[in-house]
A.B. asks: 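Handing you a structure now.
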Amino acid sequence: MMAVFRHELRSSFHSMTAYVFAAFLLAMIGVGAMLYNIELAVSNFEYVLSFGSLAFVVVIPILTMRCLSEERRSKTDQILLTSPVSVKDIVLGKYFAALCVFLIAIACTLVFPLILYAYGRPETGVILTVYTGFILLGAVFISIGLLVSALTENQVIAAILTFGILLFVQLFDSIKGAIS
């Protein structure tokens, strides 16, 4: 599992995938921090992260679209499946590599609460709880993206299907309220 994890993590940072993911996530959370905290002059960071959770619907398909579909398209899945690594270890290695890229991007967003602490008094418990929920939501979305990537050969189809599923999951409460 560690060999697959290291390979996936290295390939994420050798391509633009991790950088595009982190830049878009930081930009969305930065815009949310500007709109909610600076414009409204409040120190409630939980609204900023709820704004960032909508960014997940767009960026997590980009992060997960190539995980397994690229292996199937280039026919390297045959080599990977015949290696002495179990299928469970392959999937877990790819999942934890995508989760690690996600956690690195989330760690970069910790600068925003530090700015709030410099100029206001945000609630630490609320920020920790929101970050915990944010990380768990990202982990679930990454697993959905990895599943869709395993079902398709084309990266673009994997990204579009993942986007559709994540959008449905994100808007499910609104959809449920609209149906009698």
Side-chain angles (χ1 to χ4, degrees), residues 1-2 4-6 8-13 16-65 67 88-89 91-149 159 162-177:
M1 179 177 85
M2 286 306 291
V4 175
F5 171 77
R6 277 185 260 128
E8 280 296 309
L9 194 60
R10 199 175 317 119
S11 69
S12 290
F13 284 104
M16 292 299 294
T17 305
Y19 302 109
V20 168
F21 174 77
F24 190 77
L25 188 63
L26 283 170
M28 290 295 287
I29 292 176
V31 166
M34 184 191 70
L35 291 175
Y36 287 120
N37 297 128
I38 295 173
E39 293 293 322
L40 298 176
V42 295
S43 61
N44 292 340
F45 195 67
E46 63 268 17
Y47 298 121
V48 174
L49 291 181
S50 68
F51 187 73
S53 68
L54 290 176
F56 283 177
V57 174
V58 177
V59 293
I60 287 188
I62 294 169
L63 182 65
T64 60
M65 70 181 183
C67 284
K88 179 185 78 165
D89 289 340
V91 172
L92 286 177
K94 289 181 178 288
Y95 174 75
F96 286 129
L99 189 63
C100 188
V101 170
F102 171 76
L103 291 175
I104 290 169
I106 293 299
C108 293
T109 66
L110 290 173
V111 72
F112 297 118
L114 294 176
I115 293 170
L116 285 178
Y117 278 114
Y119 295 105
R121 301 196 80 99
E123 296 180 34
T124 305
V126 171
I127 290 175
L128 291 175
T129 304
V130 169
Y131 263 106
T132 302
F134 207 46
I135 290 168
L136 292 174
L137 179 69
V140 168
F141 281 5
I142 288 170
S143 66
I144 292 170
L146 193 65
L147 172 69
V148 173
S149 177
T162 303
F163 173 77
I165 292 169
L166 296 184
L167 186 65
F168 177 76
V169 168
Q170 193 75 5
L171 298 175
F172 184 73
D173 282 337
S174 301
I175 295 169
K176 185 178 73 172

A.B. asks: Drop me the distance from I106's CD1 to I29's CD1, to the nearest 0.5 angstrom.
C.D. replies: 5.5 Å
A.B. asks: Going through the checks in order, is the side chain to side chain contact (heavy atoms under 4.5 Å, CB included) test met by I104 and C100?
C.D. replies: CA-CA 6 Å; I104 290 169; C100 188; 4.2 Å; yes
A.B. asks: Look at the rings of F56 and F141 and say which category their plane angle falls in: under 30° parallel, 30 to 60° tilted, over 60° perpendicular.
C.D. replies: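 Plane angle over 60°, so perpendicular.
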A.B. asks: Drop me the distance from S149's OG to I144's CD1, to the nearest 0.5 angstrom.
C.D. replies: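 Between S149 OG and I144 CD1, I get 13.5 Å after rounding to 0.5 Å.
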A.B. asks: Determine whether L54 and Q170 make a side-chain contact, defined as any pair of heavy atoms from C-beta on separated by less than 4.5 Å.
C.D. replies: yes
A.B. asks: Apply side chain to side chain contact (heavy atoms under 4.5 Å, CB included) to V20 and V59, showing your working.
C.D. replies: CA-CA 8 Å; V20 168; V59 293; over 6 Å; no
A.B. asks: Taking it one step at a time, do F168 and I165 satisfy side chain to side chain contact (heavy atoms under 4.5 Å, CB included)?
C.D. replies: CA-CA 5 Å; F168 177 76; I165 292 169; 5.7 Å; no
A.B. asks: At what distance, to the nearest 0.5 angstrom, does OG of S53 lie from CG of L166?
C.D. replies: 11.5 Å
A.B. asks: Please list, chain by chain and in numerical order, all residues satisfying ring pair (Phe, Tyr, Trp, His ring centres under 6.0 Å) with Y19, sequence neighbours excluded.
C.D. replies: F13
A.B. asks: Is the shortest heavy-atom distance from the side chain of V4 to the side chain of V91 under 4.5 Å?
C.D. replies: no
A.B. asks: Please table the atom pairs, donor to acceptor, closer than 3.5 Å between any side-chain atom in residues 124-140 and protein atoms at least two apart or in another chain.
C.D. replies:
from, atom 1, to, atom 2, distance (Å)
T124, OG1, Y117, OH, 2.6
T129, OG1, G125, O, 2.7
Y131, OH, T109, O, 3.0
Y131, OH, T109, OG1, 2.9
T132, OG1, L128, O, 2.8

A.B. asks: Could you grab the distance from atom OG1 of T64 to atom CZ of F21, nearest 0.5 Å is fine?
C.D. replies: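 One gets 9.5 Å once the value is rounded to the nearest 0.5 Å.
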A.B. asks: So, taking the atom named CZ in R6 and the one named CE in M1, what distance separates them when rounded to the nearest 0.5 Å?
C.D. replies: 10.5 Å
A.B. asks: First locate atom OH of Y95, then atom NZ of K88, and finally report the distance between them rounded to the nearest 0.5 Å.
C.D. replies: 15.0 Å
